[in-house]
Amino acid sequence: QVQLVESGGGLVQAGGSLRLSCAASGRTFIYYAMGWFRQAPGKEREFVGGINWSATDITYADSVKGRFTISRSGDKNTVYLQMNSLKPEDTAEYYCAVAPGGSIYGPYSYWGQGTQVTVSS
């Protein structure tokens, strides 16, 4: 089994920044991709972005493009989500996930427990 642990969420004012981290442990796959998703109350889960093993292929949802940056640690087991210029509509529970097949577009099979991000206006 793969364990994913997110951290870094919190309360921030609009225009502020947060950096989320997600550490993978346990069974890991060669060349797996990692992604970030979010879900606000009453809304469907939304794909935020994904990064492949070598960090040469990264994609973002249009809603966060230019404000959020995804990166990956040198050992490949930690993925980061740098969130700048945060807006109240970014408020959500943020989840990281693993795509064992290596595609940033999934499918994503393993999920973390989530970390809450709240942006006040």
Side-chain angles (χ1 to χ4, degrees):
Q1 278 289 49
V2 176
Q3 290 81 44
L4 300 172
V5 179
E6 301 99 335
S7 60
L11 174 64
V12 64
Q13 288 189 330
S17 298
L18 280 176
R19 189 193 195 207
L20 306 184
S21 299
C22 172
S25 62
R27 178 189 181 190
T28 53
F29 303 89
I30 297 175
Y31 305 132
Y32 60 95
M34 297 186 77
W36 287 97
F37 293 76
R38 66 186 182 185
Q39 188 167 20
K43 295 189 177 181
E44 293 188 354
R45 185 175 60 199
E46 175 188 16
F47 177 66
V48 174
I51 184 169
N52 69 342
W53 174 263
S54 59
T56 55
D57 194 12
I58 304 174
T59 190
Y60 300 96
D62 288 344
S63 58
V64 306
K65 202 171 293 182
R67 300 187 296 122
F68 290 11
T69 302
I70 296 174
S71 60
R72 198 158 181 171
S73 62
D75 67 2
K76 311 300 185 185
N77 292 330
T78 301
V79 64
Y80 305 100
L81 181 65
Q82 178 66 44
M83 304 185 293
N84 299 329
S85 303
L86 282 162
K87 305 175 181 180
E89 51 263 45
D90 294 318
T91 295
E93 189 82 6
Y94 282 72
Y95 300 88
C96 69
V98 164
S103 171
I104 58 175
Y105 302 105
Y108 287 88
S109 304
Y110 299 91
W111 299 83
Q113 83 289 349
T115 186
Q116 177 67 36
V117 171
T118 302
V119 184
S120 63
S121 57

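What you see is a predicted model; the values in this text were computed from it and never measured. Along the sequence shown, residues are numbered consecutively beginning with 1.
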Nearest non-hydrogen partners of Lys76 and Arg72, listed with the distance: O-NE, 2.9 Å

What distance do Gln13 atom CD and Thr118 atom OG1 have between them, rounded to the nearest 0.5 Å? 13.0 Å

Smallest heavy-atom separation, Val98 atom then Pro100 atom, equals O-CD, 3.4 Å

Look up atom CD1 in Ile58 and atom OG1 in Thr69, then write down how far apart they are to the nearest 0.5 Å. 8.5 Å

Sort and list the pairs that fulfil disulfide bond (SG atoms under 2.5 Å apart) and have at least one residue in residues 67-121, not counting sequence neighbours. Cys22-Cys96

Closest contact, heavy atoms only, Ala97 versus Phe37: CB-CE1, 4.1 Å

Met34 and side chain to side chain contact (heavy atoms under 4.5 Å, CB included): which single residue from Ile70, Ile104, Leu4, Asn77 fits? Leu4

First locate atom OH of Tyr94, then atom OG of Ser7, and finally report the distance between them rounded to the nearest 0.5 Å. 15.0 Å

Between Ala92 and Ala40 the two heavy atoms that sit nearest each other are CB-N, 3.8 Å

When clusters are formed by joining ILVMFWY residues with side-chain heavy atoms under 4.5 Å apart, either directly or through shared neighbours, do Val12 and Trp36 land in the same one? yes

Just by distance, with hydrogens left out, do Thr56 and Asn52 show a side-chain donor and acceptor under 3.5 Å apart? yes

If every non-hydrogen atom of Ala99 is compared with every non-hydrogen atom of Ser103, which pair is closest and at what distance? CB-O, 3.5 Å

Please verify the inter-ring angle class for Tyr32 with Trp53; under 30° counts as parallel, over 60° as perpendicular, anything in between as tilted. perpendicular

Only one of Leu20, Thr91, Leu81, Leu11 clears side chain to side chain contact (heavy atoms under 4.5 Å, CB included) with Val117; which? Leu20

Measure from the side-chain N and O atoms of Glu6 to the backbone N and O of Gln113, and report whether any donor-acceptor pair falls under 3.5 Å. yes

With side chains defined as the heavy atoms from C-beta onward, is the minimum distance between Phe47 and Tyr108 less than 4.5 Å? yes

For residues Ser17 and Ser85, report the shortest heavy-atom separation together with the two atoms involved. OG-N, 4.4 Å

When you compare the side chain of Tyr60 with that of Arg67, does any pair of heavy atoms fall below 4.5 Å? no

Contact list for residues 32-49, test salt bridge (Lys or Arg N to Asp or Glu O under 4.0 Å), sequence neighbours left out: Arg38-Glu46, Arg38-Asp90

Indicate if Tyr95 and Tyr80 have the same hydrophobic cluster label, given that clusters are the connected sets of ILVMFWY residues with side-chain heavy-atom separations under 4.5 angstrom. no

Treat each ILVMFWY residue as a node, draw an edge where side-chain heavy atoms are under 4.5 Å apart, and state whether Ile51 and Tyr110 are in one component. yes

Validation row: Val2, Trp111 side chains within 4.5 angstrom (heavy atoms): no

